Structures are given as structure tokens and as C-alpha cells.
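Written out below as C-alpha cells is the structure these notes cover.
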2 protein chains.
Amino acid sequence: MQNLKKILENVEIKPTYEWLSILQYLDKNHNHPTAAMIFDEVVKKVPTISKTTVYNSLKLFMKKGIVTPLYITGSEVRYDFAQKPHHHFFCEECGKIYDLEVECPIFKQKYFHGHLIRQQHVYFRGICKDCLKKENKAHH
Amino acid sequence: MQNLKKILENVEIKPTYEWLSILQYLDKNHNHPTAAMIFDEVVKKVPTISKTTVYNSLKLFMKKGIVTPLYITGSEVRYDFAQKPHHHFFCEECGKIYDLEVECPIFKQKYFHGHLIRQQHVYFRGICKDCLKKENKAHH
DNA sequence: TTGCATATTTGAACTCATTACAAATTTATA
DNA sequence: TATAAATTTGTAATGAGTTCAAATATGCAA
């Protein structure tokens, strides 16, 4: 709670009730939620909050670099409150997004073929551990 | 032309005029176009074609594995008629998407942490070579 | 060739995530 | 306390993508 306030202050965002509530949700739920999911949960605690505020806040957080958008599903943006950079695995079966630690020297470079790299997005797509297990069970 | 027909027949798609025209556009333009861009160009050659046909065709091509969707910009899907798997660089300045050859042993694995990998999506984001040059010139 | 079933294409209506914007509210400052 | 600036809100609009039923084209049997 207190350190979330610090995080906002560090990037010069006034820790208003709405902004803190949204960040608090992201901090507690590392499930890469959509804007709608964030709204649906935060509105329970802050009944007056609007969807526009959720979108505005996320845009602000992204501009300040404390939230990363994930373009993985193609239909809506997922948001990641990421402390350390990491990568993702998207299960085509259940839709769940897993965090992955991928070690590769390429991801340490600042330039690639002359292009300045600001962000690196890596995600694998397939069937997750759990869904594979379920499928195997179905065969017995 | 003739080999595009073959490509379609190989994946059991009847080479109709519309499907061939769309694939032909993708083959000539490796600019990772949106569905709208594809429609706008193909309609010049096939005036009766509809947007729905473009979407239907792309969905069919994706199902058959000859076209890959790129979720990079967050606002719309880009389509890639990719022979060899490769990765991408997205310029935040000019919006251009470059093809990248990234060599990394991780991308050769079939499983990762128990998850079955079907597709690998890697894109870097930043400022491209050309836009960096323009910015440097602007300082003189 | 004709008739019929199937595959393909089309256009209009719709969904839904996201954005635009102006009014309302809150907060900071003098 | 007054006034300006920042923040929040709700409504309307945008625009990519989907749904669906009608229209058209194609393949095939008789």
C-alpha cells in the first residue's frame, strides 16, 4: 500500500484514490487483466469510478513506464504491472497467460540492425501444462 | 502466380479468383498489412470483393497455416504471409514493421516449462534506423 | 444440358474495445 | 474564500472485426 504510493510518486503521479485503487488491483492480481476486468473489480471498491478513468489511468501508467500493454489475444489489450521485464506464454485452450523467464543474450542488446530498441515483446503460444494434463486424462 | 495456386491447393483451398487475388497481394506486399489495407488494394483489381470476404479469407489462410496474424500495434491485426518463421521490429515513430532474423536456441524448443509451444512471437519496439537518421538531421 | 446440392461471396446490421470530448467535480494555490 | 488547474465522469462516437441470411457461383449426377 505504502510502497504503491511511493511507486506513483517516483514517476510524478499524484496518488489519488482512483489511481491508487487501480494500481493496487494490478499489484494484487498478476493475471494480465483487460481494462474491463480491472473496471469490474475496482468498481466494487470505488463504486463511482468510470471506465474512462480506468482507460485514462492505464494510459498514464504506460506513459510513465510502470505498466506494460500486452498485445497477445488480438481482441483486447492485457495490462501487466511488471517490476522485472519478462516474457509470456498464452494458452490457446484456456486463455491463461503465464509469465516466463527467458534468458537470451539478444534481449540484452540496445540496438538491433541499427534500430533503437525500447521494448522487447516475446510470447509463446500453444497449450499449457494444465490443459495438456486434462487432454491426457480425457483419453483414459 | 502459378506457385500461389499450388500453395493454396497444397492446403486444400480451392484457388478461387478472390482467394488468389488476396494471396497475390500478400505475396507482392510484405508490408504486414491490415485487413483494411488488403481490401483497399485488392478491390482495385476485384471491384466486387467485400470486406467480409477479406476477413473470411484471412481466417481461412490462418487456419491452414499459410498466414500469420501479428498483434503488435494493439489497434488492429497485421497479416504476414510468412514462408520462413521470423521476428519483427515495430517503429513507434513511423509505424513500419521490419522483418528480423533472430537466432536463439530457445526458439528451437518444442516445450517450455511443460507448455507445448505452437507459435513464437517476438517483436522489438523502438525507433527504426531511418527515423533515427531523420532525428539526427533535425539537430543541424 | 438441366436440376440440385454445396461452396463461396456479399452487404447490412451488429458487437465490443477504445477514444473523444465537454461538463462536473475535486484539489491546489494565491 | 476565490480562482485556476487537475482529475473524474458519462455520453456519444469511432472503427476493427463478426454474424447472418440472402445471393451467386460452382460441382456433379442424371
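We use all heavy atoms of the structure for the numbers below, so side chains are in, but hydrogens, waters and symmetry mates are not. These numbers were taken from a predicted model, which means no experiment stands behind them.
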Scan residues 58-73 of chain A for pairs that pass salt bridge (charged side-chain N to carboxylate O under 4.0 Å, His left out), counting only residues two or more places apart or in two chains.
-> none
Extract, from 5' to 3' on DNA chain D, the first and final nucleotides lying under 4.0 angstrom from some heavy atom of chain B.
-> dA16(D) to dC20(D)
What does the list of N/O pairs under 3.5 Å between the protein and nucleotides 11-15 of chain C look like, with a distance for each?
from	atom 1	to	atom 2	distance (Å)
dG11(C)	N7	T52(B)	OG1	3.2
dG11(C)	O6	T52(B)	OG1	3.3
dA12(C)	N6	T52(B)	OG1	3.4

Residues in side chain to side chain donor-acceptor pair (under 3.5 Å) with E76(A), at least two apart?
-> T73(A)
Would one find a side-chain N or O of K14(B) under 4.0 angstrom from OP1 or OP2 of dT8(C)?
-> yes
Any salt bridge (charged side-chain N to carboxylate O under 4.0 Å, His left out) pairs touching residues 112-128 of chain A, not counting sequence neighbours?
-> E92(A)-R125(A), R118(A)-E92(B)
The correct set of residues in residues 34-44 of chain B placing a heavy atom under 4.0 Å from DNA chain C is none
Is Y55(A) near enough to dT19(C) that one of its side-chain N or O atoms lies under 4.0 angstrom from OP1 or OP2?
-> no
Please name all residues satisfying side chain to side chain donor-acceptor pair (under 3.5 Å) with T53(A), sequence neighbours left out, ordered by chain then number.
-> S50(A)
With K110(A) via salt bridge (charged side-chain N to carboxylate O under 4.0 Å, His left out) - residues at least two apart = none
Output field: ring centroids H113(A)/F89(B) closer than 6.0 Å | no
Residues from residues 57-72 of chain A lying under 4.0 Å of DNA chain D - heavy atoms | none
Listed partners of E93(A) passing salt bridge (charged side-chain N to carboxylate O under 4.0 Å, His left out), at least two apart | none
For residues 22-53 of chain A, which residue pairs qualify under ring-ring contact (aromatic ring centres under 6.0 Å, His included), counting only residues two or more places apart or in two chains?
-> H32(A)-H88(A)
Salt bridge (charged side-chain N to carboxylate O under 4.0 Å, His left out) partners of E41(B), counting only residues at least two apart = K44(B)
At under 4.0 Å, does any side-chain N or O of T16(B) touch on OP1 or OP2 of dT9(C)?
-> yes
